[in-house]
Each structure stands twice: as C-alpha cells, then as structure tokens.
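The next block holds one structure in the form of structure tokens; read it before the comments.
What's counted below: heavy atoms across the whole structure, side chains too, no hydrogens, waters or symmetry copies. Below, chain A is the first sequence line, B the second, and so on; all start at residue 1.
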2 protein chains.
Amino acid sequence: MEDALGVALQAVGEKWAFLVVREVGLGVRRFDELQAVTGAPRAVLTDRLGRLVGTGILETRAYRQPGQRARQEYALTDAGIDLLPVLAALSDWGSLHLPAGAVREVDYRHLGCGGRVTARLVCECGEPVGSHDRLIAQINR
Amino acid sequence: MEDALGVALQAVGEKWAFLVVREVGLGVRRFDELQAVTGAPRAVLTDRLGRLVGTGILETRAYRQPGQRARQEYALTDAGIDLLPVLAALSDWGSLHLPAGAVREVDYRHLGCGGRVTARLVCECGEPVGSHDRLIAQINR
DNA sequence: CGGTATCCTATAAGATACTG
DNA sequence: CAGTATCTTATAGGATACCG
C-alpha cells in the first residue's frame, strides 16, 4: 500500500490540478474562465476537472441567475477547501526559496482582518515547531 | 512569468522528488538506502537527486566515520527543511480525505515532546485560520 | 556503493480545429 | 460556453543490466 503522501501526489500532484484548485478557490468557476486564467490546454483542463470531481475535490453545481439561462459551475468540496493550506504552504515556499525575479509573488490574505496568511507547523502540545526542530515520522512500511 | 506555485510545482511537483525530500529529512541519506525505501528506479533517483541539488533543496556532503572509508551523503539545505511543512500538510490532507484503507497513515512527531505535528494556516495577526475562513489571493497577472 | 546505460511504455502537455 | 477530437512532442516512470 502506498502512503498518504504518495497517493495525495497522485491525486493532485500535477501542475494543472493544483492551479485549477487554487483558481476555483479564488472564485473562478467556469470552464472558459479557468482555461483563460490557467492557460491549460482545453483537453487537459477537461481531464483535470473530471478527475478532481472524481476524487471529491471539486463538485459541479447547476445554477441560474435571474433572467439568465442555466449554467454550470465548479466549486470546492470540503476536501478541496482543506487543500488550500497546502497550496498556501507550497506557494510561500516558492516565493521564499526560488530565485527572486523568477516568480511572481502571490499573497494569501485573510478575508476580514486582511492579514497575510502563512502555513506553520504546530505541535499538538501547542508549541510552534521551528524550522530546525527535528521531526520523526512513524511510517508503517 | 509564472507564479510561485507553478514554479514550485516544477521544482518538486513530481512524485519521487517529494518522497526523496521526506526520506532525506527523516535521516535516510545514501543512494542505495533511498532507492530501497522509495522504490524509485535507479535512473530516476539519480535524476531527481541531481535536480534537487541543482535547485538548492539538497546538498551533498562527504563524510568519513572513524575507521571507515569516505562516503557521500545527501542532506537538506535550509530550503529543503522549509519544505517539510508542505509535506506534512499534504500528507495530512491525504490521510484525512483519501478513502480510508487506501493509504498508510504517516504520523509526524516532534522529537523531544513526542507530540503530533500538523500544518496550520495562521494569520499574521496571530489568529488561527479555520478551514472555512475565506482567503483571497493577490496575484499580479 | 553509487551510480550509468539502454530500452520501452505510459502519461502530461501543447496546438489547433470542431460541435451542440 | 463547455466541452470533444485529433495529433504531436516532451517527460516521467519502470525494468534490467553493467561498471569503477
């Protein structure tokens, strides 16, 4: 059996899958909009959307705005929402450690207080875990 | 220009790259050991190790234990160490949201207090950010 | 022990055009 | 709009063997 990290990478480990989840989380919900903002080829986007729905990260919803025809939109499920911290953590890492100038900065902010949101390791005892604290993992091989 | 998430995914977005970083972080430092625990094909492992060194996530170090011949080992750089929260966050997500029984559980624990370590989103104002708090991202498109 | 060298397959990505 | 269809290329992954 593979471990959680390996399987999670299979589920969302591709470039476009992660980017699609981010954009849907930010409110981009329709096919052509997603295609425009991500730049993914349409066939790839179709495939990723289908897979993300299949793994329970996205769901499709029909909706109709007053006076307009019925449309369909993609939305994050709870599992998808829980993926956002992972995105924020990876994006932060990229901003901090990849060569400056090679990437655009992306800030994640908390709607309401407006503060910048970052990912941190915390111990269940309540202590924050510093970068150089050693971790041990218990894996059943 | 691509954004930080896209570039970060290019750097570590492959299955074996992430798994190698985890294992090195847990103390597995030599080629054959890494090959054994990850199961990666040797040619792939060679490639990933080289790329991870090239992007500054791993470094090689020569060392010699008393009475033994010189060896080489891989170690995490500071950038590599900062990747551990991302791994923990993704692994946690997999344990929580992927079908039970499909994955092995992996616990990350804090050496010293022994408590379970998880990744959390925190706001710079000091407040923890809940799963359903809405985030906004500022991206320069 | 720490890789290289081949070879092969599977999948992701990219481009472009078409359809209900 | 929201996809399908088709085709091509690039890259990842897997198996196996060999080498200093």
Rounded to whole angstrom units, what separation is found between the [atom1] atom of [X] and the [atom2] atom of [N]?
X	N	atom1	atom2	value
A:Leu45	D:dC1	CG	C1'	13 Å
B:Glu73	C:dC1	CD	P	14 Å
A:Leu52	D:dG3	CG	P	13 Å
A:Gln35	D:dT4	CD	C1'	14 Å
A:Leu34	D:dA2	CG	C1'	11 Å
A:Leu49	D:dG3	CG	P	7 Å
A:Arg29	D:dG3	CZ	P	15 Å
B:Asp32	C:dT4	CG	P	13 Å

Sorted by chain and number, sequence neighbours left out, side chain to side chain contact (heavy atoms under 4.5 Å, CB included) with A:Arg51 holds for A:Glu14, A:Asp47, A:Arg48
B:His97: which residues meet the side chain to side chain contact (heavy atoms under 4.5 Å, CB included) condition with it, sequence neighbours left out?
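A:Ala79, A:Asp82, B:Trp93.
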OP1, OP2 of D:dC1 versus side-chain N and O of A:Tyr74: anything below 4.0 Å?
no
Listed by chain and number, what are the side chain to side chain donor-acceptor pair (under 3.5 Å) partners of B:Glu59, not counting sequence neighbours?
B:Arg61
Please enumerate all residues that pass side chain to side chain donor-acceptor pair (under 3.5 Å) together with A:Arg29, with sequence neighbours excluded.
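Side chain to side chain donor-acceptor pair (under 3.5 Å) check on A:Arg29 returns nothing, list empty.
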Can you pull the salt bridge (Lys or Arg N to Asp or Glu O under 4.0 Å) pairs that have at least one residue in residues 31-41 of chain A, sequence neighbours excluded?
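Applying salt bridge (Lys or Arg N to Asp or Glu O under 4.0 Å) to every pair that reaches into residues 31-41 of chain A, excluding sequence neighbours, yields A:Arg30-A:Glu33, A:Asp32-A:Arg42.
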Using atom types as modelled and distance alone, determine if a side-chain donor or acceptor of [X] lies under 3.5 Å from a backbone N or O of [Y].
X	Y	answer
A:Thr77	A:Gly56	yes
B:Glu23	B:Leu34	no
B:Glu124	A:Gly115	no

Against the side chain of B:Arg30, the closest entry in C:dG3, C:dC1, D:dG3 is C:dC1
Using the C1' atoms of the five pairs at each end, what is the angle between the end axes of the helix from C:dC1-D:dG20 to C:dG20-D:dC1, to 10°?
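Roughly 50° between the end axes, to the nearest 10°.
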Ring pair (Phe, Tyr, Trp, His ring centres under 6.0 Å) pairs, two or more places apart, involving residues 27-54 of chain A
none
N/O-N/O pairs, protein side and nucleotides 12-16 of chain D side, under 3.5 Å:
residue : atom : partner : partner atom : Å
D:dA12  : OP1  : B:Glu14 : OE2          : 2.5
D:dA12  : OP1  : B:Arg51 : NH1          : 3.3
D:dA12  : OP1  : B:Arg51 : NH2          : 3.4
D:dA12  : OP2  : B:Arg51 : NH2          : 3.3
D:dG13  : OP2  : B:Arg48 : NH1          : 2.5
D:dG14  : OP2  : B:Trp16 : NE1          : 3.4

